[in-house]
Amino acid sequence: MSHSPANPANLLTLMSVASAALGLCAPQLGWSAAATDAAMVSCVALSLLLDRLDGPLARRLGTSSELGTLLYSLADLLAFAALPAVMLVRAADGSPAALAVALAYVLTAVWRLARYDGDELAATRWGPAFRGVPTPAAASAVLVAVVLAPSLAPWLAAIAAALMPSRLRYPKRGPGAWPWLVLVPIAVVVALARLAAPSELSASNSSTPAPGPERH
């Protein structure tokens, strides 16, 4: 087994870390609200994609290691705990209730990541299942809600916070994955489409001729 951080799987994990870090920095970069939201949503989505690639790649190449597992958990902490929490608070304009939910979300996500054991998978009618909702699924739920139904985001985040450390069996594939494979790309497209809305409105306003002087 390779403990080098330079192996391909670990590099994918580090890319996820970089993506999450950019998303966390986005609100401080002076971008428009739409651009900031689109960047944060895209960063979570990119980390979700990389999360589906790095583990299988490590197993395929035989480079799984304790270092890779640690990097994997740290990347998930940033991408699927911290970043979604910031998005939640931002979507709720910093309301105290949303802040409380965001803190609960982060704490339970950290607990979930610390508790995770590769041997926790159990056979179910849907195939292998995790014990508790995994952090990528929880982050997907928050991302989709923040973009498509902001008023529901705190409620979904609270449910995710309750289910992550639970003993609920959550399918690794099938119904545990397919909804997010559909909804997350839709949310990303919607967030990116909102970038064009202000410019189109401005262009429309600029093309409208100014009213002439009134005639009496």
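These numbers were taken from a predicted model, which means no experiment stands behind them.
Hydrophobic clustering (side-chain heavy atoms under 4.5 Å, transitive across Ile, Leu, Val, Met, Phe, Trp, Tyr) groups Leu195 together with Met87. Hydrophobic clustering, with ILVMFWY side chains joined whenever heavy atoms are under 4.5 angstrom apart, groups Val17 together with Met40. Residues Leu78 and Leu107 do not share a hydrophobic cluster, defined by chaining ILVMFWY side chains whose heavy atoms lie under 4.5 Å apart. Clustering ILVMFWY residues whenever any of their side-chain heavy atoms sit less than 4.5 angstrom apart, transitively, puts Val86 in a cluster other than the one holding Leu99. No continuous path of ILVMFWY side-chain contacts below 4.5 Å connects Val189 to Leu49, so the two sit in separate hydrophobic clusters.
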Using residues 141-169 as the side-chain source, report each donor-acceptor pair under 3.5 Å to any protein atom, sequence neighbours left out, with the distance given to one decimal.
from: Ser166; atom 1: OG; to: Leu163; atom 2: O; distance (Å): 2.7
from: Ser166; atom 1: OG; to: Leu168; atom 2: N; distance (Å): 3.2
from: Arg169; atom 1: NH1; to: Glu120; atom 2: O; distance (Å): 2.7
from: Arg169; atom 1: NH1; to: Ala129; atom 2: O; distance (Å): 3.3

Pairs of donor and acceptor atoms involving the side chains of residues 20-35, under 3.5 Å and at least two apart or interchain, shall be tabulated with distances.
from: Ser32; atom 1: OG; to: Ala35; atom 2: N; distance (Å): 3.1

Under 3.5 Å, which donor-acceptor pairs link side chains of residues 172-179 to any protein atom two or more places apart or in another chain?
none

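Of all heavy-atom pairs spanning Ala45 and Val188, the tightest one is CB-CG2, 3.6 Å. Taking every heavy atom of both residues into account, Ala38 and Leu192 meet most closely at CB-CD2, 4.0 Å. Across every non-hydrogen atom of Gly132 and Tyr170, the tightest pair is O-CB, 3.8 Å. The heavy-atom pair separating Val106 from Ala85 by the smallest distance is CG2-CB, 3.4 Å.
Here the CG atom belonging to Leu53 is positioned 9.5 Å from the CE atom belonging to Met15, to the nearest 0.5 angstrom. Atom-to-atom distance recorded for Leu70:CG and Asn10:CG is 10.0 Å, nearest 0.5 angstrom. One distance of note links CG of Leu113 with OG1 of Thr108; it measures 9.5 Å at 0.5 Å rounding. A distance of 7.0 Å separates OH of Tyr105 from OG1 of Thr135, quoted to the nearest 0.5 Å. A distance of 11.0 Å separates CG in Leu57 from CG in Leu50, rounded to the nearest 0.5 Å. In this structure, CZ on Phe130 lies 7.0 Å from CZ on Arg112, to the nearest 0.5 angstrom.
Pro185 meets the side-chain contact (heavy atoms from CB on, under 4.5 Å) test with no other residue; sequence neighbours excluded.
Residue pairs meeting the side chain to side chain donor-acceptor pair (under 3.5 Å) criterion with at least one partner in residues 70-98, sequence neighbours excluded, are Asp37-Arg90, Asp51-Tyr72. Pairs engaging residues 11-21 under the side chain to side chain donor-acceptor pair (under 3.5 Å) rule: Thr13-Asp54, Ser16-Ser47 [sequence neighbours left out].
Arg59 is listed as a side-chain neighbour of Pro56, based on a closest heavy-atom distance under 4.5 Å.
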Query raised in the report: Could you walk me through whether Arg194 and Val41 pass the side chain to side chain contact (heavy atoms under 4.5 Å, CB included) check?
Result: CA-CA 12 Å; Arg194 288 173 181 166; Val41 167; over 6 Å; no
